[in-house]
Amino acid sequence: MAAQKDQQKDVEAEGLSATTLLPKLIPSGAGREWLERRRATIRPWGTFVDQQRFSRPRNLGELCQRLIRNVEYYQSNYVFVFLGLILYCVVTSPMLLVALAVFFGACYILYLRTLQSKLVLFGREVSPAHQYALAGGISFPFFWLAGAGSAVFWVLGATLVVIGSHAAFHQIEAVDGEELQMEPV
């Protein structure tokens, strides 16, 4: 534990820390820890996009090996590519921005309401899970009008194409301790 704190102090002395770079809106917990682990294991973006390292695989076996190894090696980079595509999709769709604003606005209003007093409908106390489901129900027509379903499938398709093509055509990184493999003749 002490070694980890010393290492974190060294990183903070350099000016960059994963904990300071994370937005304050992300609550501490499993999601924040997962995002911190992803950030800590990002491979250098220079080698990720280096055009000299792209080539056509010689056969199907090499293609499969590249896919598996590159997905394992660049997993964190691929997560941030996925998040970037989501951000691009949301920013380029004004109606989707409105739908998200309605949803998060309704959630915020419900959050403020529960801080003041419990929400009671028809003589029954409404749980927070049901309140957020109500917010989702209210904002559902906005998501439907914004074409959120097609946006989800666009993001998934674009992610598969971008990540799949990168993993297939990017040469495998040499890993320390890896055994030499003989090439079939």
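Basis for what follows: all heavy atoms, side chains included, without hydrogens, waters or symmetry-related copies.
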Engineer: I need the Leu100 CG to Met95 CE distance, nearest 0.5 Å.
Structural biologist: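 Interatomic distance, Leu100 CG to Met95 CE, rounded to 0.5 Å: 11.0 Å.
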
Engineer: Check Gly164 against Leu67 and note the closest heavy-atom contact, atom names and distance.
Structural biologist: O-CD2, 3.7 Å

Engineer: Counting the benzene-type ring for Trp, do His170 and Phe48 have ring centres under 6.0 Å apart?
Structural biologist: no

Engineer: What closest approach, in Å, do Gln171 and Gln52 show between heavy atoms, and which atom pair accounts for it?
Structural biologist: NE2-O, 4.5 Å

Engineer: When you compare the side chain of Glu62 with that of Asn59, does any pair of heavy atoms fall below 4.5 Å?
Structural biologist: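 With C-beta onward as the side chain, the pair touches.
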
Engineer: Are side-chain heavy atoms of Ser55 and Phe169 found at a separation under 4.5 Å?
Structural biologist: no

Engineer: Establish whether Trp45 and Leu83 are linked, either directly or via other cluster members, by ILVMFWY side-chain heavy-atom contacts under 4.5 Å.
Structural biologist: yes

Engineer: Which atoms form the tightest heavy-atom contact between Ala135 and Leu110, and what is the distance?
Structural biologist: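 Closest pair (atom of Ala135, atom of Leu110, distance): CB-CD1, 3.9 Å.
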
Engineer: Show your reasoning for whether side chain to side chain contact (heavy atoms under 4.5 Å, CB included) applies to Ile172 and Gln65.
Structural biologist: CA-CA 8 Å; Ile172 298 174; Gln65 186 179 19; 3.8 Å; yes

Engineer: One thing to verify: whether Arg37 and Glu33 come together as a salt bridge, which I'm taking to mean a side-chain N less than 4.0 angstrom from a carboxylate O.
Structural biologist: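 Salt bridge flag = no for Arg37 with Glu33.
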
Engineer: Among side-chain atoms of Tyr74 and His166, is any donor-acceptor pair under 3.5 angstrom?
Structural biologist: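 The criterion, which ignores hydrogens and geometry beyond distance, is not satisfied for His166 and Tyr74.
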
Engineer: Quick one, Phe103 and Tyr132 - any side-chain contact, counting heavy atoms below 4.5 Å?
Structural biologist: no

Engineer: Looking only at heavy atoms, which two atoms of Ser139 and Val102 are closest? And how far apart?
Structural biologist: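 Of all heavy-atom pairs spanning Ser139 and Val102, the closest is CB-CG1, 3.9 Å.
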
Engineer: Rounded to the nearest 0.5 Å, what separates atom CG in Leu156 from atom CZ in Phe153?
Structural biologist: 7.0 Å

Engineer: Would a single hydrophobic cluster contain both Leu160 and Val155, if residues Ile, Leu, Val, Met, Phe, Trp and Tyr are joined by side-chain heavy-atom contacts under 4.5 Å?
Structural biologist: no

Engineer: Please report the C-alpha distance between Leu63 and Arg66 in whole Å, then the side-chain angles of each, then the deciding distance to 0.1 Å, and finally whether the side chain to side chain contact (heavy atoms under 4.5 Å, CB included) criterion is met.
Structural biologist: CA-CA 5 Å; Leu63 174 76; Arg66 281 187 184 189; 5.7 Å; no

Engineer: Can you establish whether the number of heavy atoms outside Phe140 located under 6.0 Å from its atom CZ is more than 12?
Structural biologist: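 At most 12 heavy atoms, drawn from other residues, nucleotides or ligands, come within 6.0 Å of this atom.
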
Engineer: With side chains defined as the heavy atoms from C-beta onward, is the minimum distance between Thr114 and Gln131 less than 4.5 Å?
Structural biologist: yes

Engineer: When clusters are formed by joining ILVMFWY residues with side-chain heavy atoms under 4.5 Å apart, either directly or through shared neighbours, do Tyr111 and Ile109 land in the same one?
Structural biologist: no

Engineer: Taking C-beta and beyond as the side chain, do Thr159 and Tyr78 meet within less than 4.5 Å on heavy atoms?
Structural biologist: no

Engineer: Without swapping roles, check the side chain of Ser93 against the backbone of Val90 for a donor-acceptor pair under 3.5 Å.
Structural biologist: no

Engineer: Closest approach of Phe80 and Ile42, non-hydrogen atoms and distance?
Structural biologist: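 Residues Phe80 and Ile42, closest heavy atoms: CE1-CD1, 3.5 Å.
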
Engineer: Transitively linked via ILVMFWY side-chain contacts under 4.5 Å: Val71 with Val81?
Structural biologist: yes

Engineer: Applying the 4.5 Å side-chain criterion to the ILVMFWY set and letting contacts propagate, would Phe54 and Val49 be lumped into a single cluster?
Structural biologist: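 In one cluster with Phe54: Val49, no.
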
Engineer: If you take all heavy atoms of Ala99 and Ala146, which pair is closest and at what distance?
Structural biologist: CB-CB, 4.3 Å

Engineer: May I ask you to test the Leu96-Phe142 pair for a side-chain heavy-atom distance under 4.5 Å?
Structural biologist: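 No, their side chains stay 4.5 Å or more apart.
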
Engineer: Is Arg43 reaching over with its side chain to a backbone N or O of Tyr73, donor-acceptor style, under 3.5 angstrom?
Structural biologist: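 Yes: the side chain of Arg43 pairs with the backbone of Tyr73.
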
